[in-house]
Amino acid sequence: MDITREALKLFMMSLPSGSYFEIISFGSNYAFMKGQKTKTKLIKYNENSKNEALQLIEEFEADFGGTIISEPMLSSFNLNPETGYLKRIFLLTDGSVGNPEAVIELIKANCKLDGSTKVFTFGIGNGCSEYLVTKSAEAGKGYYCLVKDNEMG
């Protein structure tokens, strides 16, 4: 979880000013950054929202149980970007799922050929499903990165 937290903090500090974001924690269930279960609007990135997100990330624990990705992925696809913005979804996972094909098909069905929506994946640790990470990025027309435990030192 420490490496995942650090990766997420790096993402937050790297966002361009004026962009929009959301953080969805997931496991056996999922929640948006401020604990909501449903949401349609993204958060505008500024100094205050960045600091709030960084504080929240610092408190993250691996306490959501298993790894169910389909529902939070669908929720991320349903978040509406502001007019003129492209949607980029970054999936960080350290686990595997029972039916990776369902997740991959969901991603494929929601990523447009015009490139307006893409999914990038990050598999963290030896327990992550390489198949899920690589095939989800392929279906999402994005890239993937695998960071194994022995590479985190």
Side-chain angles (χ1 to χ4, degrees), residues 1-97 103-104 106-107 109-112 114-129 132-134 136-137 139-149 151-153:
M1 189 66 195
D2 289 339
I3 298 299
T4 304
R5 255 195 306 282
E6 292 306 312
L8 195 49
K9 285 187 216 173
L10 181 61
F11 279 122
M12 286 308 305
M13 292 185 289
S14 301
L15 287 174
S17 184
S19 59
Y20 291 81
F21 74 98
E22 181 57 77
I23 298 171
I24 304 174
S25 300
F26 64 92
S28 297
N29 55 24
Y30 70 98
F32 290 96
M33 189 169 112
K34 295 185 178 184
Q36 302 120 306
K37 184 70 172 166
T38 60
K39 188 170 183 178
T40 57
K41 300 220 36 127
L42 295 164
I43 301 165
K44 185 159 184 134
Y45 184 80
N46 57 39
E47 195 65 26
N48 288 339
S49 63
K50 176 185 80 172
N51 290 336
E52 183 179 355
L54 290 172
Q55 178 61 43
L56 177 73
I57 293 165
E58 194 61 43
E59 298 167 6
F60 277 177
E61 293 295 329
D63 57 359
F64 270 33
T67 305
I68 297 175
I69 297 177
S70 293
E71 289 181 39
M73 283 302 296
L74 184 57
S75 289
S76 69
F77 287 122
N78 289 332
L79 289 170
N80 300 317
E82 296 296 316
T83 303
Y85 284 80
L86 301 174
K87 184 183 286 191
R88 301 295 180 250
I89 298 169
F90 297 90
L91 171 62
L92 282 71
T93 182
D94 62 359
S96 60
V97 295
V103 175
I104 294 162
L106 175 68
I107 292 170
N110 283 278
C111 289
K112 313 290 187 259
D114 65 3
S116 61
T117 300
K118 291 186 178 186
V119 174
F120 299 84
T121 59
F122 296 83
I124 299 172
N126 292 338
C128 77
S129 166
L132 175 68
V133 171
T134 58
S136 292
K141 297 162 187 54
Y143 299 100
Y144 69 89
C145 179
L146 292 164
V147 181
K148 297 297 184 175
D149 290 332
E151 298 171 348
M152 293 185 217

Taking all atoms of both residues into account, what is the closest heavy-atom pair of [X] and [Y], and its distance?
| X | Y | result |
| --- | --- | --- |
| Leu86 | Gly115 | CD2-O, 4.4 Å |
| Ser70 | Leu106 | O-CD2, 3.3 Å |
| Ser129 | Ser96 | CB-CB, 3.6 Å |

Rounded distance (nearest 0.5 Å) linking atom [atom1] of [X] with atom [atom2] of [Y]:
| X | Y | atom1 | atom2 | value |
| --- | --- | --- | --- | --- |
| Cys145 | Leu92 | SG | CG | 9.5 Å |
| Leu79 | Ile24 | CG | CD1 | 5.5 Å |
| Ser49 | Leu56 | OG | CG | 12.0 Å |
| Leu146 | Ile124 | CG | CD1 | 10.0 Å |
| Lys50 | Lys9 | NZ | NZ | 12.5 Å |
| Arg88 | Thr117 | CZ | OG1 | 7.5 Å |

So do [Y] and [X] actually touch side chain to side chain, heavy atoms under 4.5 Å?
| X | Y | value |
| --- | --- | --- |
| Asn80 | Leu42 | no |
| Thr93 | Ile69 | yes |
| Leu54 | Glu58 | no |

Do Tyr144 and Phe122 have ring centroids that are under 6.0 Å from one another?
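Not under 6.0 Å, so no.
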Has Asp94 got a side-chain atom pairing as donor or acceptor with Cys128's backbone, closer than 3.5 angstrom?
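Checked: no pair found.
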Side-chain donor/acceptor of Lys141 to backbone N/O of Val119, under 3.5 Å
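Answer holds: no.
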Ile107 and Met73: side chain to side chain contact (heavy atoms under 4.5 Å, CB included), yes or no, with the steps?
CA-CA 8 Å; Ile107 292 170; Met73 283 302 296; 3.8 Å; yes
Under a 3.5 Å threshold, yes or no: a donor from one side chain and an acceptor from the other, between Ser75 and Asn78?
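No, no side-chain donor-acceptor contact under 3.5 Å.
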Please indicate whether Tyr143 has more than 12 foreign heavy atoms, meaning atoms of other residues, nucleotides or ligands, lying under 6.0 Å from its OH.
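Atom OH in Tyr143 is not packed in, count stays at 12 or less.
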Under 3.5 Å, sequence neighbours excluded: what are the donor-acceptor pairs made by side chains of residues 12-21?
residue: Ser14; atom: OG; partner: Leu10; partner atom: O; Å: 2.7
residue: Ser19; atom: OG; partner: Pro16; partner atom: O; Å: 2.7

